[in-house]
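In what follows, residues are counted from 1 in the order of the sequence shown.
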Amino acid sequence: MKTASKIFTLIITVVLATTWGCKQENIKPEKEEISKAATIEELGQMNRDFAKALTAKDAVAAAIVYDENASILPPNEPIVTGRANIQAYWQGAIDAGIIDATVKTIDAKSVGNSGYEIGTFTMRFHGAKNDTIVEVGKYTEILELNKEGTWMAIYGMWSSNEPMPTE
C-alpha cells in the first residue's frame with residue numbers, strides 16, 4: 001500500500017508540475033510563484049474551513065473556499081461548476097439536514113502555486129426516521145494559491161466508504 005501511495009504522490013507531483021509549466025508558457029504570471037513548498041497544515045486549511053462552514057450551516061462560507069471557476073465532482077451526480085453553483089449544491093446538503101462535518105488530511109503536497117490534499121471525512125445528517133445518518137469517506141482536492149496567498153480548491157472529488165447498495 002505504501003508503494004501505491006508513493007506512486008500516486010509521484011504521479012500527482014508530475015501532473016501538477018507539468019500542468020503548471022504549461023500554464024506559464026507565454027503567459028506573464030499574475031503573481032510571483034512561490035519557491036517554498038506549502039505545509040500539510042497550510043494545504044489542509046481549506047477543508048477545515050469548509051467543514052466548519054457546513055457545521056455552521058453556512059453555504060456561502062462553504063463555497064468561498066473554492067475558486068470562482070472551481071468544479072466539484074460529487075459521487076453519482078453531474079459535475080458542478082462555478083462558486084455560485086457550488087454554494088447552491090452545499091445549501092442543498094444543509095437543507096437536507098446536515099448536522100456536522102469533520103475532515104482529516106492524510107497527505108498534501110505543493111509544487112509552486114499548485115497543490116493537492118487527500119483526506120477523510122465524516123458527515124452526520126438527520127435521518128427520515130428521526131435518526132442520525134453517518135457518512136464516512138475520502139476526498140481529493142486540487143488546490144491553487146490565489147493572489148492573496150490563500151490556497152483555494154479548483155477541483156474537489158469525494159466518495160463514501162460504504163459499499164454500493166445491492167438490489
Between CG on residue Leu145 and CG on residue Leu43, distance to nearest 0.5 Å | 9.0 Å

Would you indicate whether Phe125, at its atom CZ, is surrounded by more than 12 heavy atoms from other residues, nucleotides or ligands within a distance under 6.0 Å?
-> yes

State whether the side chain of Asn47 and the backbone N or O of Phe50 hold a donor-acceptor pair below 3.5 Å, judged by distance alone.
-> no

Considering non-hydrogen atoms only, spot the tightest contact between Gly115 and Trp151 and give its length.
-> N-CZ3, 3.7 Å

When rounded to the nearest 0.5 angstrom, what is the spacing between CD1 in Ile64 and CZ in Arg83?
-> 4.0 Å

Rounded distance [0.5 Å steps], CD in Glu144 versus OG1 in Thr150 = 12.5 Å

Min side-chain heavy-atom separation Val136-Phe121 under 4.5 Å | no

Grab the two heavy atoms, one from Lys104 and one from Tyr139, that are nearest each other, plus how far apart they are.
-> O-OH, 3.7 Å

Glu117 side chain to Thr105 side chain, donor-acceptor N/O pair below 3.5 angstrom | yes

Are the side chains of Asp107 and Tyr116 in touch, meaning some heavy atoms are under 4.5 Å apart?
-> yes

With rounding to the nearest 0.5 Å, note down the distance linking CG in Asp67 to CD1 in Ile142.
-> 13.5 Å

Gap between atom CG of Asn85 and atom CH2 of Trp90 - 0.5 Å precision = 14.0 Å

With hydrophobic residues grouped by side-chain heavy-atom distances under 4.5 Å, do Met46 and Ile40 end up in a single group?
-> no

Any donor-acceptor pair under 3.5 Å from Lys138 side chain to Ser160 backbone = yes

If we ignore angles and hydrogens, is there a donor and acceptor under 3.5 Å between the side chains of Gln87 and Tyr66?
-> no

Under 3.5 Å: donor-acceptor pair, side chain of Thr55, backbone of Ala51 | yes

Pick out which of Ile133, Thr102, Ile99 makes a side-chain contact (heavy atoms from CB on, under 4.5 Å) with Arg124.
-> Ile99

State whether the side chain of Glu77 and the backbone N or O of Pro74 hold a donor-acceptor pair below 3.5 Å, judged by distance alone.
-> no

What pair of heavy atoms forms the shortest contact from Ser110 to Ala38, and how long is it?
-> OG-N, 2.8 Å

Can you check whether Glu41's main-chain N or O pairs, donor with acceptor, with Arg48's side chain at less than 3.5 Å?
-> yes

What one should report as the nearest heavy-atom pair of Gln91 and Ala59 is OE1-CB, 3.2 Å

Transitive ILVMFWY side-chain link Ile72 to Met152, under 4.5 Å | no

Quick one: are Ile98 and Lys57 in side-chain contact, heavy atoms under 4.5 Å?
-> yes

How far does CD1 of Ile118 sit from CE of Met157, to the nearest 0.5 angstrom?
-> 12.5 Å

Validation row: Val103, Thr120 side chains within 4.5 angstrom (heavy atoms) = no

Nearest non-hydrogen partners of Ala62 and Ala53, listed with the distance = N-CB, 3.3 Å

Would you kindly confirm whether Trp158 and Ile94 end up in one hydrophobic cluster when ILVMFWY residues are joined by side chain heavy atoms under 4.5 Å apart?
-> yes

Which heavy-atom pair separates Ala153 from Leu143 by the least distance, and what is that distance?
-> CA-CD2, 3.7 Å

